[in-house]
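One structure is given here, and the rest of the page talks about it.
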Amino acid sequence: MENPEAMEELGRQVKLALESADLGAYRDLLDPNVRWGPPGSSSPPCQNRDQVLAWYQRGREAGTTATVSEVTVVKDHLLVGLVVRDVKESHPERDQSLRWQLLTVRDGRVCDIVGFESREDAEAYNAAAR
């Protein structure tokens with residue numbers, strides 16, 4: 001299990017990297033073999049750090065931004081709430097949604113990212129995985 005203080009610091013770094021859209025800073029937090037995708041996927045769409053960063057870059061280029069609403073440490077996981085907006089739309093305040101990511105941490109780096117539509121689904125998935 002990861003050190004609680006180190007997990008808090010990693011959560012802070014994840015928040016800063018995501019909010020600043022600093023893919024270089026986020027790269028440093030990801031394991032080279034990080035996987036990202038929907039829950040239960042045996043073959044997630046992103047299977048390494050470069051693919052995860054490319055996914056974020058494509059979103060930025062398409063006009064999508066995200067603000068971190070919260071980062072909660074749950075043992076060796078970070079539960080990250082994101083307010084996602086499409087800034088290219090004429091009314092971005094109406095075109096926003098809340099999304100959740102559950103980040104698994106191993107050896108101080110994010111090794112798995114699972115995306116969810118709701119906090120409840122993310123929490124249930126995390127509880128079932130234990």
- Query: Which distance, rounded to the nearest 0.5 Å, do you find between the CD of E8 and the CG of N3?
  - Reply: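 That separation rounds to 10.0 Å.
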Could you note down all residue pairs passing salt bridge (charged side-chain N to carboxylate O under 4.0 Å, His left out) where [range] supplies at least one of them, sequence neighbours left out?
range	result
residues 36-58	R27-D50
residues 10-20	E9-R12, K15-E19
residues 114-129	E70-R119, R99-E117, R119-E123
residues 33-44	none

Heavy-atom closest pair, residues [X] and [Y]:
X	Y	value
L79	A122	CD1-CB, 3.6 Å
A62	D86	O-OD1, 4.0 Å
V110	I113	CG1-CG1, 3.7 Å
G115	P39	O-CD, 3.3 Å

- Message: Count I, L, V, M, F, W, Y as connected when their side-chain heavy atoms are under 4.5 Å apart, and connections chain through other members. Are W100 and V83 then in the same cluster?
- Response: yes
- Same hydrophobic cluster for V80 and L10, using side-chain heavy-atom links shorter than 4.5 Å among ILVMFWY?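 Cluster IDs for V80 and L10 match.
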- Message: Checking V84 against T65 for the side chain to side chain contact (heavy atoms under 4.5 Å, CB included) test, could you report, in this order, the C-alpha distance in whole Å, the side-chain angles of both residues, the deciding distance, and whether it holds?
- Response: CA-CA 6 Å; V84 180; T65 64; over 6 Å; no
- With sequence neighbours excluded, tell me which residues meet side chain to side chain donor-acceptor pair (under 3.5 Å) with S20.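 S20: no side chain to side chain donor-acceptor pair (under 3.5 Å) contacts found.
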- Message: Holding to side chain to side chain donor-acceptor pair (under 3.5 Å), I want the full list of residues that pass it with Q47, two or more places apart in sequence or in another chain.
- Response: S43
- Message: List the residues meeting side-chain contact (heavy atoms from CB on, under 4.5 Å) with A21, not counting sequence neighbours, and say none if there are none.
- Response: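 Scan of A21 (side-chain contact (heavy atoms from CB on, under 4.5 Å), adjacent residues dropped) gives R60.
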- Task: Dump the intermediate steps for side chain to side chain contact (heavy atoms under 4.5 Å, CB included) on L78 and V73, then the final yes or no.
- Result: CA-CA 5 Å; L78 298 173; V73 175; 3.7 Å; yes
Throw together a table of side-chain donor-acceptor distances under 3.5 angstrom for residues 101-109, partners on residues two or more places apart or in other chains.
| residue | atom | partner | partner atom | Å |
| --- | --- | --- | --- | --- |
| Q101 | OE1 | Y56 | OH | 3.2 |
| Q101 | NE2 | Y56 | OH | 3.2 |
| T104 | OG1 | H77 | NE2 | 3.2 |
| R109 | NH1 | L30 | O | 3.4 |

- What pairs of residues pass the ring-ring contact (aromatic ring centres under 6.0 Å, His included) test when at least one of them lies in residues 28-54, not counting sequence neighbours? W36-W55
- Matching residue for V34 among N48, L29, L53, V52 - test: side chain to side chain contact (heavy atoms under 4.5 Å, CB included): V52
- Message: Quick one, L98 and L82 - any side-chain contact, counting heavy atoms below 4.5 Å?
- Response: no
- Message: Could you go through Y26 and L18, starting from their C-alpha distance and side-chain angles, then the distance that decides it, and tell me whether this counts as side chain to side chain contact (heavy atoms under 4.5 Å, CB included)?
- Response: CA-CA 7 Å; Y26 199 45; L18 290 175; 3.9 Å; yes
